[in-house]
S.K.: 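Sharing a structure with you now.
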2 protein chains.
Amino acid sequence: MMSDDHVIFIVDDDERIREALSDLLDSHGMRAVSFASAGEYVSADKPDLPACLILDVELPDINGLDLQRQIADGDHPPIVFITGHGDIPSSVRAIKHGAVDFLTKPFSDADLMAAIGAAIAEDRDKRAERAELSVLGQRYRELTPREREVLPLVVSGLLNKQAAAELGISEVTLQIHRRNVMHKMAAASLADLVRIAERLEIPITHSRRVGGN
Amino acid sequence: MMSDDHVIFIVDDDERIREALSDLLDSHGMRAVSFASAGEYVSADKPDLPACLILDVELPDINGLDLQRQIADGDHPPIVFITGHGDIPSSVRAIKHGAVDFLTKPFSDADLMAAIGAAIAEDRDKRAERAELSVLGQRYRELTPREREVLPLVVSGLLNKQAAAELGISEVTLQIHRRNVMHKMAAASLADLVRIAERLEIPITHSRRVGGN
DNA sequence: CCGCAATTCATGGAAATCCATGCATTGCGC
DNA sequence: GCGCAATGCATGGATTTCCATGAATTGCGG
């Protein structure tokens, strides 16, 4: 019974290791996809599912730790490193850069399965977070340039007349932009909009000034 | 010229190590305080400064990794582990639990100083964050029980009449509580209050409903 | 030229928030 | 009993936000 809600990528140049890991994962009803090199893995079409990347440190084309840094900016899954010749500085570096675990061969099936489970759970959380941020980011990008200027002023807490003064426009125009921002960002209240702005890390550049409760 | 804006704690049962580290730090104008055991360190009065804890893994009274877990809930400084007999699982565990580095003897002065620098910088950031949260937390604790009920409703974005209905009181009374909350939390605007509530991780339990813009 | 989006401004008016002030009740500590 | 804090409610009124509707200008693409 092969589960369809996740996938585990195995990148190791040693075919016996790949086979052994595939069999182990298969026996747990987990889907595995194997690659003999980092280049293969990077180039491959991958299913859009919560995942885990089991990565050998000594690869023929690149050091596993260097691949970790290389793919860090993309939405690659959490890494579980495996290695036959690891050293402590490598393990420290791997973990500090976000790897879930660093296992030296021979490692127990239990340790590997635990690490994989943690990696998939972490990827699920991260993917949900990214999906939500992507929606918010898309909405933000649909704002007009002016609306994008109004947003930080509004979520800073300025009165409409104060925000209007900042931009050198009438309060009435500011209100129009404000309403459009609320609508486009799907915010039911100012409180909603403030939280959305926080999620998008929009900087707060002002504070409501005295005389404006 | 001994600097007064930080301190480095050294916990190692080997007196020669303590001396060597103290001398090294001294030569960099950094203040060091040494302890021969974990118990001594934990019991000692410590200056309230940004700090770094250089911690030996093999201590006479407790394993350094266990001490890390033990002090995790208090405001202890970031840890740089040093060890003569480290293994990879220990280093993984140390870093995953927040240690800045895990250095095996013999380690270079440069590596140690770099780790110490990073630890102190991290402690500075964390201490600033904790200080701010402490102020906000204190303000929150000074709210009356009723005001503490009103706060999450207000920052959820409910209209005053909606929040009042939630508590079964008049809108006028809700407004009084609202104003008191704003004042006690030192919020100049609703936007401020929403951000404060986020910092305090006050859960959002409601959303403004249709019919209430 | 036309249509559209972006930006600007306005009016009239309703709803909501905010403020100052006043009053009342209850429970607690001195 | 008194004073205080917590909680509740009210009035009158000012300010702010929100809404619907209307109009104008500019720049761009078809």
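For clarity, every value in this text was computed on a predicted model and none was experimentally measured. Numbers restart at 1 for each chain; the letters A, B, ... are given by sequence-line order, proteins then strands.
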S.K.: Which residue in the set B:Arg178, B:Lys184, B:His183 passes side-chain hydrogen bond (donor to acceptor under 3.5 Å, both in side chains) when paired with B:Glu147?
M.R.: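 Checked B:Arg178, B:Lys184, B:His183 against B:Glu147; only one passes side-chain hydrogen bond (donor to acceptor under 3.5 Å, both in side chains): B:Lys184.
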S.K.: From the list C:dA6, C:dC9, D:dA10, which nucleotide is the closest neighbour of the side chain of A:Val172?
M.R.: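 Output: C:dC9.
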S.K.: When you compare the side chain of A:Tyr140 with that of A:Leu151, does any pair of heavy atoms fall below 4.5 Å?
M.R.: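 In short, these two side chains touch, coming nearer than 4.5 Å.
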S.K.: Side chain of B:Ile169: nearest nucleotide among D:dT7, C:dT8, D:dC9?
M.R.: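 Between D:dT7, C:dT8, D:dC9, the one nearest the side chain of B:Ile169 would be D:dC9.
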S.K.: Given C:dA16, D:dT17, C:dC9, which nucleotide is nearest the side-chain atoms of B:Leu159?
M.R.: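 Shortest atom-to-atom distance from the side chain points to C:dA16.
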S.K.: Under the criterion side-chain contact (heavy atoms from CB on, under 4.5 Å), I'd like the reasoning laid out for B:His6 against B:Asp123: C-alpha separation, chi angles, the key distance, then a yes or no.
M.R.: CA-CA 10 Å; B:His6 65 258; B:Asp123 202 34; over 6 Å; no
S.K.: Under 4.0 Å, counting only non-hydrogen atoms across every strand here, what does A:Arg178 touch: a base, just sugar-phosphate, or nothing?
M.R.: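 The answer is sugar-phosphate, as A:Arg178 gets under 4.0 Å only of primed atoms, P, OP1 or OP2.
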S.K.: Over all strands shown, is A:Thr173 touching base, sugar-phosphate only, or nothing at heavy-atom distances under 4.0 angstrom?
M.R.: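 Counting heavy atoms under 4.0 Å across all strands, the contact made by A:Thr173 includes a base.
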S.K.: Base, sugar-phosphate, or nothing: which does B:Ser170 touch, judged by heavy atoms less than 4.0 Å apart?
M.R.: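 It contacts sugar-phosphate atoms only.
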S.K.: Does a nitrogen or oxygen in the side chain of A:Thr144 sit under 4.0 Å from OP1 or OP2 of C:dA5?
M.R.: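 Result: no.
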S.K.: If you pin A:Ile176 and A:Glu171 to their nearest nucleotides in DNA chain D, which one's is more 5'?
M.R.: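 Final value for this comparison: A:Glu171.
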S.K.: Are B:Arg93 and B:Lys96 packed together at the side-chain level, in the sense that at least one heavy-atom pair is separated by less than 4.5 angstrom?
M.R.: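 With C-beta onward as the side chain, the pair stays apart.
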S.K.: Which of these nucleotides, C:dA6, C:dT17, D:dT7, is closest to any side-chain atom of B:Asn160?
M.R.: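 Selected nucleotide: C:dT17.
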S.K.: Look at the side chain of A:Arg208 and decide which nucleotide, out of C:dT8, D:dT7, D:dT17, has an atom nearest to it.
M.R.: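 Nearest listed nucleotide: D:dT17.
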